[in-house]
Number of protein chains: 2
Amino acid sequence: MYRNNEMSLMFKALGDPTRLRIFTFLQAQCCPVAVETETGAVSPLTGPTVGEVCCHVTGEAVITSTVSFHLKELRLAGLITMERSGRHMICGVNRDAAAQMIAFLNEGQAERKTNDDCCK
Amino acid sequence: MYRNNEMSLMFKALGDPTRLRIFTFLQAQCCPVAVETETGAVSPLTGPTVGEVCCHVTGEAVITSTVSFHLKELRLAGLITMERSGRHMICGVNRDAAAQMIAFLNEGQAERKTNDDCCK
DNA sequence: TAATTACTTCGATATGTATAGAAACAACGA
DNA sequence: TCGTTGTTTCTATACATATCGAAGTAATTA
């Protein structure tokens, strides 16, 4: 049941068109990453700034509070990472999260049970 | 851009814990299907009724308007199918929709672009 | 240290969503 | 045709969410 709730938060985060655009934009970015030797966690070293994300979304070179809000939602859902670099915030996708969603959906496709006789 | 909006509707539908439970429950059901010879579309011949879905979700043998509401949302997002069979409504997952979501996420993982110099 | 850049948070607002009970509806059996 | 079963729709309500402009904050430069 815990997994269900975590997963629904991820899906919910992608459930807004603007956030889905941001996510796929970040997913498409190819950039060098740092790997933590202890945990193996991967975080982007460079990548789009918040301004660049805004730009991609709105087409204008202005940072909006709306995009900032959506970035926060994506971050809280664990779908993206953000790290300060000087005045900028560098955004990157959390590829593990995407992998988890894929795995979740794939499991469902694979595992089939015969009808349980529920409430009878 | 159209694809983005369609996809976000699917993710949104799975973005509620109750709906995600319903979806995975239906995904797990193994049942005979009918294949349309023209389109190749697959639809379940038998499967859980609305009452059985309710039962799985709430643990009680009562149909609630809430579950009915969530089933409708899933249906409108294209994630499940529902067909009347006598007094019952037979629910089934639309496996193609799940496949589409998986494909969408996978594409994002695969396709990487070098930074486009956006708004500069 | 004052100004500038890059971004976030706050406050207001309008709209959407989940839930629950009651009423309506559709199919079947007596 | 009347009641019963299985399900949906309606209505009300409480809560969440997206958006926008304004104010606030952090890092850098003049």
Side-chain angles (χ1 to χ4, degrees), chain A residues 4-5 8-23 26 44 46-77 79-92 117-120, chain B residues 4-5 8-23 26 44 46-77 79-92 117-120:
Chain A
N4 189 79
N5 286 282
S8 71
L9 285 175
M10 290 192 195
F11 288 124
K12 188 176 185 177
L14 296 188
D16 177 272
T18 304
R19 283 197 294 266
L20 188 55
R21 272 198 79 191
I22 294 173
F23 183 76
L26 292 178
T46 68
T49 64
V50 171
E52 286 166 336
V53 171
C54 278
C55 201
H56 175 77
V57 170
T58 66
E60 286 176 58
V62 179
I63 294 173
T64 66
S65 59
T66 297
V67 169
S68 183
F69 163 76
H70 286 307
L71 284 169
K72 188 179 183 182
E73 294 287 304
L74 287 168
R75 190 164 46 79
L76 292 178
L79 294 183
I80 67 166
T81 61
M82 291 174 75
E83 259 186 290
R84 183 170 281 283
S85 167
R87 295 201 254 229
H88 298 274
M89 295 295 287
I90 304 297
C91 308
D117 296 288
C118 180
C119 294
K120 275 175 191 165
Chain B
N4 189 78
N5 286 282
S8 71
L9 286 175
M10 291 191 192
F11 288 124
K12 188 177 185 178
L14 297 188
D16 177 273
T18 303
R19 282 196 296 265
L20 188 56
R21 273 198 79 191
I22 295 173
F23 183 76
L26 292 179
T46 68
T49 65
V50 171
E52 285 166 335
V53 171
C54 278
C55 200
H56 174 78
V57 170
T58 67
E60 286 176 59
V62 180
I63 293 174
T64 65
S65 58
T66 297
V67 168
S68 184
F69 163 76
H70 286 307
L71 285 169
K72 189 178 183 184
E73 294 286 306
L74 287 167
R75 189 164 46 78
L76 292 178
L79 294 182
I80 68 167
T81 60
M82 292 174 75
E83 258 186 291
R84 183 170 282 281
S85 167
R87 293 201 254 229
H88 298 274
M89 294 294 289
I90 304 297
C91 308
D117 297 288
C118 180
C119 293
K120 276 173 189 165

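Labels below follow one simple rule: chain letters A, B, ... track the order of the sequence lines, proteins then strands, and each chain is numbered from 1. All heavy atoms count here, side chains included; hydrogens, waters and symmetry mates do not.
If you measure from atom CZ of A:Arg21 to atom P of D:dA18, you get 16 Å, rounded to the nearest angstrom. If you take CG of A:Leu76 and P of D:dT17, they are 11 Å apart, rounded to a whole angstrom. Per the geometry, CD1 belonging to B:Ile22 stands 13 Å off P belonging to D:dT7, to the nearest Å. Atom CE in A:Met82 sits about 15 Å away from atom P in C:dA6, given to the nearest Å. Atom-to-atom, CD of A:Glu83 to C1' of D:dA26 comes out at 16 Å; the value is rounded to the nearest Å. A:Leu74 places its CG atom 14 Å from the C1' atom of D:dT17, with the value rounded to the nearest Å. Rounded to whole Å, the distance from CZ on B:Arg84 to C1' on D:dG6 is 8 Å. Rounding to whole angstrom units, CG of residue A:Leu71 and P of C:dT8 are separated by 7 Å.
If you check distances only, the side chain of B:Thr66 never reaches the base of C:dA18 with a donor-acceptor pair under 3.5 Å. Under 3.5 Å, the side chain of B:Thr49 and the base of D:dG6 form no donor-acceptor pair of N or O atoms.
Nearest to the side chain of B:Arg87, among D:dT4, D:dA18, C:dA6, sits D:dT4. In the set D:dA27, C:dC10, D:dT19, the nucleotide with an atom closest to the side chain of A:Ser65 is C:dC10. Closest to the B:Met89 side chain, of the nucleotides D:dT7, D:dA26, D:dT19, is D:dT7. Distance from the side chain of A:Ile63 is smallest for C:dC7 among the nucleotides D:dT17, C:dC7, D:dT7. Closest to the A:Thr18 side chain, of the nucleotides D:dT19, C:dT9, D:dT7, is D:dT19.
Nearest heavy-atom pair across B:Gly47 and B:Ile90 is N-CG2, 3.5 Å. Annotation for A:Pro48 and A:Leu26: closest pair CG-CD2, 3.7 Å, computed over non-hydrogen atoms.
Close to D:dA18, at under 4.0 Å from its OP1 or OP2, lies a side-chain N or O of A:Arg19. Residue A:His70 has a polar side-chain atom (N or O) positioned under 4.0 Å from OP1 or OP2 of D:dT19.
No engagement by B:Arg75 is indicated, since no non-hydrogen atom pair under 4.0 Å with the nucleic acid exists.
The CZ atom of A:Arg75 sits 6.0 Å away from the CE atom of A:Met82 when rounded to the nearest 0.5 Å.
The shortest distance between side-chain heavy atoms of A:Arg19 and A:Glu73 falls below 4.5 Å. A:Thr66 places none of its side-chain heavy atoms less than 4.5 Å from the side chain of A:Thr58.
Residues B:His88 and B:Lys72 both approach DNA chain D. Their nearest nucleotides, taken by heavy-atom distance, put B:His88 toward the 5′ side.
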